[in-house]
Amino acid sequence: MDEQYDARKIEQKWQEEWERSHLFEVDVQADRPKYYLLEMFPYPSGKIHMGHVRNYTIGDVVARYKRMQGFNVLHPMGWDAFGMPAENAAIANNTHPAEWTYDNIAYMRNQLKQLGFSYDWTREVTTCTPDYYRWEQWLFLKMYEKGMAYRKEAYVNWCEPCQTVLANEQVEAGMCWRCGQPVRQKKLNQWFFRITDFAEDLLVHCDQLPGWPEKVTTMQKNWIGRSQGAEIRFAVEESDTVIPVFTTRHDTVFGATFMCLAPEHPLVPQLAAGTEQAAAVADFIERISLQERTSKAVETYEKEGVFTGKYCINPMTGRHMPIYTANFALMEYGTGAVMSVPAHDQRDFDFAKKYDLPIIPVVNPEGETLVAAQMAEAYAGDGLMVNSGAFDGQPNRQAMEKIADLLEAKGLGRRAISYRLRDWGISRQRYWGAPIPMIYCDTCGTVPVPEADLPIVLPEDAHLLAGGRSPLPALDNFARTTCPKCGRTDARRETDTMDTFVESSWYFERYCSPKFNEGMFDREAVAYWMPVDQYIGGVEHAILHLLYSRYFTRVLHDIGLIDYKEPFTRLLTQGMVCKETMSCPQHGYLFPEQARDERGTLYCALCDQPVTLGRVEKMSKSKRNVVDPNVLLERYGADTTRLFCLFAAPPERDLEWSDQGVEGSARFLNRVWRLAGAWLDVVRGAAPYDGPVESLPDTLRQTYRKAHQTIEKVTRDIEDRFHFNTAISAVMELVNQMHAVGPDDGDADQRKSVMRHALETVILLLSPIVPHFAQELWHALGHTQSTLAVPWPVYRKDALVQEEATIVVQVNGKLRGRFTTAVDTDDDTVKQLALADERVQKFVGDKAPKKIVVVKNKLVNIVV
RNA sequence: GCCGGAGUGGUGAAAUAGGUAAACGCAGCGGACUCAAAAUCCGCCGGGCGCAAGCCCUUGUCGGUUCGAUUCCGACCUCCGGCACCA
């Protein structure tokens, strides 16, 4: 063992050794308990960033810990390799997306290896390879066959700069999640997955995921957005047409005075046809279709609409209700039609005021009577029914049930449930994605690619077009094909590719048998490894990726490939890595290395002006508050970097980067290194202490006890809640205690064996966190095996027991004194000792205590 | 607007079946070693008053329950995240 701790040297040495000995490679072992630990795989954007380092460090600690606990641990890594940045980079650098992607993967794989993560690299999965996406295409065909995938013309979110459609989940506050530009509506033929079929099941199971953060399941529940209500059928006057509406307030149906249809509702032009409103309606539809649907823009729109020229009949009151088309009615929700009850819905109220439509209150608040003419806003609360025929005087919640019964009895409607969740549109007008395996033939229509023809390989000889438009439609040798059904030679392939969230919805199954070429995965391997026991990743995927993965798992379940429904048993969403921002009046945001420190004041390295410190924010290239992992690896090595990421904050919380904190982590490792070096010759050949605790002299007994307490604490911190920060603190305390042991404590044999035990404990407890460091010291102690092969330390219960307890004494709840006594001293004796304390006497005086509370081995509270 | 989460020293954070608030770090201060510096080691380190013993205050604010509240309950303030014309 070197005198100096040389991180780079030992890290390289052990990484080579681990690779040579295939240490991290695992296989199905039916007789051993498995543990599947998964971290969200990265998009190969170029370089690993600190967010990845944190995520993967947390995962690696758990993987190594579980291995030492005796589990057969699957810990894979791969690449979410399709996606737009590859295209953008290819256009900017005049390369091909594939080249850019594979170069990045090679670079990032090397970075991950340098961090010492215990991945089984033989299981690496890269989603842009045909042997991966062919099975995705296969599943698409199965889904098509079962009606789970379908095509329809739909208004989609269209991003002009990106030239593509976006899923609802990819629209953030009305803007494209990637480029931040406004999203517009465009009508296109699109492929969809019928995720709404599983809306109820996905929702119900949110409450059966005890290993997930409640925050995430709540977000998913909100996203699915279940509403319970009724569908009521309104007949159009002088016509056979019936318009169903969805409402959650069927108790207010007697107060419905008009109806609103979404501008895109197919009935709107039909209703208006031949009436004097036809022209006005057509103008309105045209105008609304051009409006931006961004929520920002929507907020500023006034509620407006146009009369269609037709009326419908309120099935309860027989009222003659004008039918409007209005901008606030959404085609995508419910039936695209709203029964408007202005007295009890704010939007309807605003609309009624604007167009002078009748307002009829039908639910009075407790002890109040609403008068339409005096209402300033709608009343949406509960109360007693009024103006509702036989239901008058009843509580509205009760009437709601009876009205539903009545509607059902008379065939005028039924109870219904509506979801906010929409089907998942997966078509993307992009090149760098998995081709959708469909063919369009003028004779046969839409024809699936025969299974035998898979994979439909994405042609790699395509040249990207300016602006990012897909080259596929114009690529004749790809787009032109023969119809598999009739043999026509002028059939055309689908040239849209799949949303990249499709790849990430099943990669965890592929890891179980990554090279399997007879199907998506080897069912036996999946049966052994799945579900994932612990999944770790960023909270930004709380809805998109996690909901889609849960959905895909249900699809695979329904097809009969797997027998579980939930893919991830436990989920940890780690916080962001943040750092303070710095800016200079002239140069804007500065990189950390662009600030020069002069006696505590920072100056811009470019112009010498003082630097302004900004708020602590998520590390991002645009804010320039980033730390490059390469620099840390170079300067401190992987172990210090890993240690700091775990020590600075508990995993679920945001981590504030601190260069001084990193320095402190390095200092701790050096301290342990020197401690080990100082004792190495003494403990060589000794066996770890295992004798009676009481017979040890003071310092050694305390050290031995501390070692066992530390094992207990660290194990609990990792096992129960992944609080590595407190686990590390505990080891630091043990190390501090070991420093107190001098060359004269106890006899030589006791000293040797107690220190051997303590040293081995420190090394093993730290080994999942700083694996190279621990391995080197373990080796120096004379061990030849890997720390991963050593069982996780177990504490001795009898060694935890203290012989003395410190009792604090309170008078009226205030701390007034303390004393030590033998543990488990009986309450009466403790009371006497407490009352005898001089300071306590001062506060008690000659007053007789009203009550004395004793908490064993902890505290006495005297109430006077 | 609705739904979540969080507010603790100079600072990152500890401590919840209610029981010594601030463990462990970082920064700072003092000392040892050194020609000096770095590194290292030892000590101090919430605020106020006091020579001191000690006393008072302190976990966003205000109340409540309790012998005792960072922890439980109620109201409010601030910050962060999610959803938002969803009928």
Side-chain angles (χ1 to χ4, degrees), chain A residues 172-174 213-223 225-227 229 245-250 252 256 259-260 262 293 295 298-299 301-303 326-330 332-341 344-348 350-351 418-422 539-540 542-543 575-576 600 616 644 647-650 652-665 667-668 670-671 674 713 723 725-733 735-736 739 806-818 839 842 849-864:
Chain A
E172 291 172 350
E214 205 186 307
K215 177 191 161 111
V216 174
T217 47
T218 303
M219 280 164 74
Q220 293 211 349
K221 284 190 226 170
N222 291 342
W223 188 263
R226 182 184 201 268
S227 294
V245 305
F246 175 76
T247 177
T248 54
R249 291 298 302 275
H250 42 284
T252 63
M259 176 184 279
C260 290
R293 293 288 176 99
S295 67
V298 162
E299 266 172 39
Y301 296 153
E302 211 182 319
K303 316 242 168 306
N327 62 345
F328 65 84
L330 305 174
E332 315 88 67
Y333 187 75
T335 61
V338 183
M339 73 168 201
S340 290
V341 185
H344 303 290
D345 180 284
Q346 193 57 42
R347 284 163 309 178
D348 298 344
D350 294 344
F351 197 84
S418 194
Y419 299 91
R420 211 188 71 101
L421 182 72
R422 316 278 155 79
V539 73
E540 63 272 22
I543 300 170
M576 301 180 295
V616 176
F644 176 72
F647 183 62
E652 68 278 4
R653 216 184 297 186
D654 286 351
L655 182 155
E656 187 183 331
W657 195 263
S658 151
D659 291 332
Q660 284 156 338
V662 179
E663 203 71 54
S665 294
R667 198 145 52 210
F668 171 67
N670 274 298
R671 193 167 145 88
R674 283 192 307 273
K713 165 88 175 144
H723 275 206
N725 56 331
T726 49
I728 293 165
S729 305
V731 178
M732 286 174 169
E733 284 186 58
V735 170
N736 290 345
H739 267 270
T806 303
I807 310 287
V808 294
V809 188
Q810 298 178 337
V811 178
N812 289 336
K814 289 203 174 200
L815 182 69
R816 297 302 179 191
R818 74 183 66 209
R839 262 175 79 203
K842 216 173 105 190
K850 284 184 200 151
K851 187 177 182 183
I852 300 179
V853 182
V854 180
V855 180
K856 208 154 207 67
N857 295 329
K858 270 199 175 148
L859 151 153
V860 180
N861 190 10
I862 302 163
V863 188
V864 292

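None of these values were measured; they are calculated from a predicted model. Just so it is clear: chains get the letters A, B, ... in the order the sequence lines come, proteins before strands, and each one is counted from 1.
In this model, the phosphate group of B:rC86 is approached by a side-chain N or O of A:Arg347 to a distance below 4.0 Å at OP1 or OP2. Applying the 4.0 Å criterion to OP1 and OP2 of B:rG19, one finds that A:Arg818 has every side-chain N and O outside that range. Look at A:Asn222 and you won't find any side-chain N or O under 4.0 angstrom from OP1 or OP2 of B:rA84. The side chain of A:Arg653 places an N or O atom within less than 4.0 Å of a non-bridging phosphate oxygen (OP1 or OP2) of B:rA14. Listed pair A:Arg667 / B:rC26 meets the phosphate criterion, a side-chain N or O lying under 4.0 Å from OP1 or OP2. Between A:Arg839 and B:rC55, a side-chain N or O to OP1/OP2 separation shorter than 4.0 Å is present. Phosphate proximity of B:rA87 to A:Ser227: present, with a side-chain N or O under 4.0 Å from OP1 or OP2. In this structure, A:Arg816 reaches the B:rC56 phosphate: one of its side-chain N or O atoms is under 4.0 Å from OP1 or OP2. The phosphate of B:rC67 has OP1 or OP2 within less than 4.0 Å of a side-chain N or O from A:Lys851. OP1 or OP2 of B:rC57 sits under 4.0 Å from a side-chain N or O of A:Lys814. For the pair A:Asn670 and B:rU40, the criterion of a side-chain N or O lying under 4.0 Å from OP1 or OP2 is not met.
Of the C1' atoms belonging to B:rG9 and B:rA15, the separation is 15 Å, rounded to the nearest Å. Remark: the separation of the C1' atoms in B:rA21 and B:rU8 is 8 Å, to the nearest Å. Using atom C1' as the reference point in both B:rG10 and B:rG47, the two lie 12 Å apart (nearest Å). B:rU71 sits 14 Å from B:rG64 when the P atoms are compared, rounded to a whole Å. On the C1' atoms, B:rC67 is 16 Å away from B:rU20, given to the nearest whole Å. Atom name P, nucleotides B:rG60 and B:rG12: the rounded distance is 14 Å, in whole Å. The gap from the C1' atom of B:rA84 to that of B:rU61 amounts to 30 Å, rounded to the nearest Å.
Nearest nucleotide to the side chain of A:Ser729, out of B:rC67, B:rC85, B:rA23: B:rA23. Closest to the A:Leu815 side chain, of the nucleotides B:rG12, B:rA21, B:rA14, is B:rA21. For A:Leu859, counting side-chain heavy atoms from C-beta on, the closest listed nucleotide (B:rC24, B:rC83, B:rU20) is B:rU20. Proximity note for A:Gln810 (side chain, C-beta onward) versus B:rC83, B:rG19, B:rC24: the nearest is B:rG19.
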Between A:Ile862 and A:Arg816, is the side-chain contact (heavy atoms from CB on, under 4.5 Å) condition met? List the steps.
CA-CA 10 Å; A:Ile862 302 163; A:Arg816 297 302 179 191; over 6 Å; no
What verdict does the side-chain contact (heavy atoms from CB on, under 4.5 Å) test give for A:Asn736 and A:Arg671, after you've listed the backbone C-alpha separation in whole Å, the side-chain angles of each residue and the deciding distance to 0.1 Å?
CA-CA 10 Å; A:Asn736 290 345; A:Arg671 193 167 145 88; 2.7 Å; yes
Check the pair A:Arg420, A:Glu332 against side-chain contact (heavy atoms from CB on, under 4.5 Å), reporting the backbone distance first and the verdict last.
CA-CA 9 Å; A:Arg420 211 188 71 101; A:Glu332 315 88 67; over 6 Å; no
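Distance A:Gln220 CD to B:rC83 C1': 14 Å, rounded to the nearest Å. The separation between A:Asn725 atom CG and B:rG12 atom P is 14 Å, rounded to whole Å. For A:Trp657 and B:rG25, the CH2 to C1' distance is 15 Å, given to the nearest whole Å. If you measure from atom CZ of A:Arg249 to atom P of B:rA87, you get 11 Å, rounded to the nearest angstrom. In this structure, CD1 of A:Ile862 is placed 15 Å from P of B:rG68, rounded to the nearest angstrom. Distance, A:Glu733 CD to B:rA22 P: 13 Å, rounded to whole Å. Distance, A:Glu663 CD to B:rU11 P: 22 Å, rounded to whole Å. Rounded to whole Å, the distance from CE on A:Met732 to C1' on B:rG25 is 6 Å.
Residue contacts for A:Ala730: at a heavy-atom cut-off of 4.0 Å it reaches no nucleic acid atom on any strand shown. Contact annotation for A:Phe668: no contact, since no heavy-atom pair falls under 4.0 Å across all strands. Nucleic acid contact for A:Gly664: sugar-phosphate only, since backbone atoms but no base atoms lie under 4.0 Å from a heavy atom of the residue. Among the heavy atoms of the strands, none lies under 4.0 Å from A:Ala649. Using a 4.0 Å heavy-atom criterion, one finds that A:Val808 contacts the bases of the nucleic acid, with or without backbone contacts as well. Backbone-only engagement by A:Asn736 is indicated by non-hydrogen atom pairs under 4.0 Å involving sugar-phosphate atoms exclusively. Residue-level contact check: A:Thr726 touches the backbone only, with heavy atoms under 4.0 Å from sugar-phosphate atoms and none from bases. Looking at heavy-atom distances under 4.0 Å, A:Gln660 makes contact with sugar-phosphate atoms alone, never a base.
Around CD of A:Gln346, the count of heavy atoms belonging to other residues, nucleotides or ligands within 6.0 Å exceeds 12. Residue A:Lys856 places its NZ atom among more than 12 non-hydrogen atoms of other residues, nucleotides or ligands, all under 6.0 Å distant.
In B:rG9 the base sits syn relative to the sugar, since the glycosidic angle is no further than 90° from 0.
At least one donor-acceptor pair closer than 3.5 Å links the side chain of A:Asp654 to the backbone N or O of A:Met576. With hydrogens and angles ignored, the 3.5 Å screen pairs no side-chain donor or acceptor of A:Asp345 with any backbone N or O of A:Ser340.
With a 3.5 Å ceiling on both atom-pair distances, B:rA17 lacks any Watson-Crick or G-U wobble partner.
Taking the six-membered ring where the residue is Trp, the centroids of A:Phe647 and A:Phe668 are separated by 6.0 Å or more.
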